[in-house]
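Being a predicted model, the structure only gives us computed values, none of them experimental. Chain A is the first sequence line, chain B the second, and so forth, proteins listed ahead of strands; every chain is numbered from 1.
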Amino acid sequence: ILTKGFRDARQYLQGMRTLTEENLSEVLQMIRVSLLEADVEFQVTRSFLDRVKEKALGEIVLTRVKHKDKKLKVSPSDHFTKLCHDELVQLMGAADSQLSFRAKPVSAVMVVGLQGSGKTTTAAKLARYIQKQGKRPILVAADIYRPAAVEQLRKLGSDLQVPVFSDGGEDPPSICTKSIRTAVEVGCDVAIFDTAGRLTIDDVLMEELRRIQELTSPENVLLVCDAMIGQESVNIAKAFNERIQLTGFIMTKLDGDARGGAALSIKEATGIPIKFVGMGESLDRLEEFRPEGLASRILG
Amino acid sequence: FRSRRELDEGMTASLEQILVTADIGVKTAYQLLEKLTASLKRKEFDDPDAIMMRLRSLIEEMLVEVESPLRLSFGPEPLVVMVVGVNGSGKTTTIAKIAARHKAAGGKVLMVAGDTFRAAAVEQLEVWGGRIGCPVARGKEGADPSAVAFDALGRALDEGTDLVLVDTAGRLHTRVPLMEQLKKMRRTLAKKIPAAPHETLLVIDASNGQNAILQAKQFNEAVPVTGIALTKLDGTSKGGCLVGISNELGIPVRYIGIGEKMHDLRDFNARDFTAALFA
Ligand SMILES: Nc1nc2c(ncn2[C@@H]2O[C@H](COP(=O)(O)OP(=O)(O)OP(=O)(O)O)[C@@H](O)[C@H]2O)c(=O)[nH]1
Ligand SMILES: Nc1nc2c(ncn2[C@@H]2O[C@H](COP(=O)(O)OP(=O)(O)OP(=O)(O)O)[C@@H](O)[C@H]2O)c(=O)[nH]1
Ligand SMILES: [Mg+2]
Ligand SMILES: [Mg+2]
């Protein structure tokens, strides 16, 4: 499904024999609209277009030199689309859904993010994924605030036959620390911490995350981000990253029609790799990140 | 000599940046800037403060049109509010807040656990019911949500309830069978109480970008949406997606959510919202 901005751009270029400085700036403006409507962050959009413009101008010059008035093999419209697509794919980074695991005894995965982004569901999906890799995960109910958060994780754990650790009397850093000991006792080798949703401006809760990280040194710290998120994506990711060192992020709810421009934005602005995407509510709906797939979706 | 019927490029660029980074959307931003240019007096083009004030009042005027708190006027039969929206937007929590407010005002509320699908969705609403002191109508696990809602209305009629708040499962507006389920829920409510649901409240997360407009359009097409609640405005997002939604659909905006506790609900106020957009 070509989004209007890209469709306009392609149509605009259809009739043209070559890409020139003039038609390039028209086309870039159409692409800009498309990217912003896809929720690509404002500054990221600007730097992306600057790079595309630079490459395209460079090619225009090269083309003039090489071809003079010979007919071009590729139409400017296809060529330009490919240029944007390739630049976007490159920005997304290589496919890398690797999680990091220690040799022994227990590795940890800490799942963090804003309220309602899909952490609890994703934590369970990760448990299933990790189980399929032959490991023995334990889910840790570190959200002590949300009504029935523990019940929610227990239910998901039971569907997967993955143990769930919870402790009604403790605070989240103690719960996570204790869970590591329990993991060893019950023969699990990966602990997955499901933390409470929080705002980046909530200093107490951000400090709680830092404390969990300090006490348990999780090998994997994953930001769970809703695909529908708008312009705040970069600020949010940076704020989490500043407090705790993120090792990756997961974009959820990509089974809808949100274009997911936040994925590009976060990667570009922070360098944090996209590890997985959530493609539905059921626990088998976790896919490894493919830059091609996401690039096409953002471009439309 | 430059004709002063145009904002200069620098001004346009910085205004556009303010609007777009607030999630107002690039197309809505263009429309607003055109309107702004058309409304400015000649001498105002040189006055950045005047330009800002005019832009703010344009937006405020637009939002005043949809500022419309939910007037819970009670008749002989219960007022039924069906709450809908995409996954994780804040439906269940918003229901708890509305219930708490109405109970505090002396009303009789029934919350309906119409999300029979998601893990611990019923339990979550029951915890809230316990905190508020408000009954929760529920069915068996995996029960048909419409059946649960139908029975709940029967109970509300029997018990003289003033306000029934029907929670539904989160759903993406692109899932046709789930949108059909919503239509069925609506028809079912009307079978028990012909005017029900008196309000269909769409809950939208303020941190959403342009997808919020698609959500509003699609939900509105499936079940006419009569009100919007914009949640999580206590976060860093300005909720600018509301401007695009209001511009295109004009749906009344009832509430804003400003936190996770039962009192964190406010009636939507266009002036305050607009001021915060520019803060
Ligand atoms: N369609 C779809 N829904 C999802 C996906 N991931 C999660 N959800 C749904 O999103 C809603 C919120 O998910 P949760 O896992 O409760 O989110 P959370 O981040 O743990 O929420 P808090 O703990 O309250 O911050 C639920 O209805 C989930 O079923 C996804 O990839 N696709
Ligand atoms: N900060 C903040 N958090 C909110 C607000 N409203 C809801 N939340 C949080 O958002 C998360 C999701 O809220 P829910 O009420 O479970 O959302 P839902 O739409 O019912 O979710 P599903 O039923 O899974 O689709 C919870 O952690 C809530 O505490 C709000 O106004 N501000
Ligand atoms: Mg959770
Ligand atoms: Mg809910």
Report task. Could you walk me through whether A:T200 and B:T236 pass the side chain to side chain contact (heavy atoms under 4.5 Å, CB included) test, one step at a time? Result -> CA-CA 8 Å; A:T200 53; B:T236 58; 4.2 Å; yes
Query raised in the report: So how far is it from A:I201 CD1 to B:D234 CG, rounded to the nearest 0.5 Å?
Result: 7.0 Å
Query raised in the report: How about B:R131 and A:P147: do any of their side-chain heavy atoms sit closer than 4.5 Å?
Result: yes
Query raised in the report: B:V86 versus chain A, heavy atoms under 4.5 Å apart: side chain, backbone, both or neither?
Result: side chain
Query - Nearest heavy-atom neighbours spanning A:Q231 and B:T21 - result: CB-O, 3.4 Å
Query raised in the report: So which heavy atom on A:G197 is nearest to which on B:E260, and how close?
Result: O-OE2, 4.2 Å
**Report entry** Side chain, backbone, both or neither of A:D255 within contact of chain B (heavy atoms, under 4.5 Å)
**Finding:** both
Query - Approximate separation, where rounding is to 0.5 Å, of B:S89 OG and A:Q115 CD - result: 13.0 Å
Report task. Could you tell me whether the side chains of B:N211 and A:D39 share a donor-acceptor contact shorter than 3.5 Å? Result -> no
Report summary line: CG (B:D205) and OG (A:S117) are apart, to the nearest 0.5 Å, by 9.5 Å
Query - Atom of A:A148, atom of B:A120 and distance for their closest heavy-atom approach - result: O-CB, 3.9 Å
Query - Test log, rule salt bridge (charged side-chain N to carboxylate O under 4.0 Å, His left out), inputs B:R175 and A:E281 - result: CA-CA 12 Å; B:R175 291 283 312 271; A:E281 292 193 75; 5.6 Å; no
Query raised in the report: Does any non-hydrogen side-chain atom of B:S207 lie less than 4.5 Å from one of A:E232?
Result: no
Report task. State the OG1-CG distance between B:T174 and A:D257, to the nearest 0.5 angstrom. Result -> 5.5 Å
Report task. Select one option (side chain, backbone, both, neither) describing which atoms of A:R198 are under 4.5 Å from chain B's heavy atoms. Result -> neither
**Report entry** Derivation of the side chain to side chain contact (heavy atoms under 4.5 Å, CB included) call for B:Q210 and A:M228
**Finding:** CA-CA 8 Å; B:Q210 299 314 296; A:M228 308 170 228; over 6 Å; no
**Report entry** Worked verdict on A:R32 versus B:E16 for salt bridge (charged side-chain N to carboxylate O under 4.0 Å, His left out)
**Finding:** CA-CA 13 Å; A:R32 178 171 186 269; B:E16 195 214 35; 2.8 Å; yes
Query raised in the report: Can you list the steps and then say if A:E37 with B:V26 is a side chain to side chain contact (heavy atoms under 4.5 Å, CB included)?
Result: CA-CA 7 Å; A:E37 293 200 316; B:V26 59; 3.6 Å; yes
Report task. For the residue pair B:Q124 and A:Q152, confirm or rule out a side-chain donor-acceptor distance under 3.5 Å. Result -> no
**Report entry** Under 4.5 Å from a heavy atom of chain B, the part of A:R154 involved
**Finding:** neither
Report task. Would you please test A:I229 and B:N208 for side chain to side chain contact (heavy atoms under 4.5 Å, CB included) and show each step? Result -> CA-CA 4 Å; A:I229 195 171; B:N208 277 190; 5.8 Å; no
Query raised in the report: Taking the side chain as C-beta and beyond, is there a heavy-atom pair between B:Q17 and A:F42 under 4.5 Å?
Result: yes
Report task. Take atom NZ of B:K261 as the centre, draw a 6.0 Å sphere, and report whether it contains more than 12 heavy atoms from other residues, nucleotides or ligands. Result -> no
**Report entry** Under 4.5 Å from a heavy atom of chain B, the part of A:L153 involved
**Finding:** neither
Query raised in the report: In Å, rounded to the nearest 0.5 Å, how long is the span from NZ of B:K232 to CG of A:L199?
Result: 9.5 Å
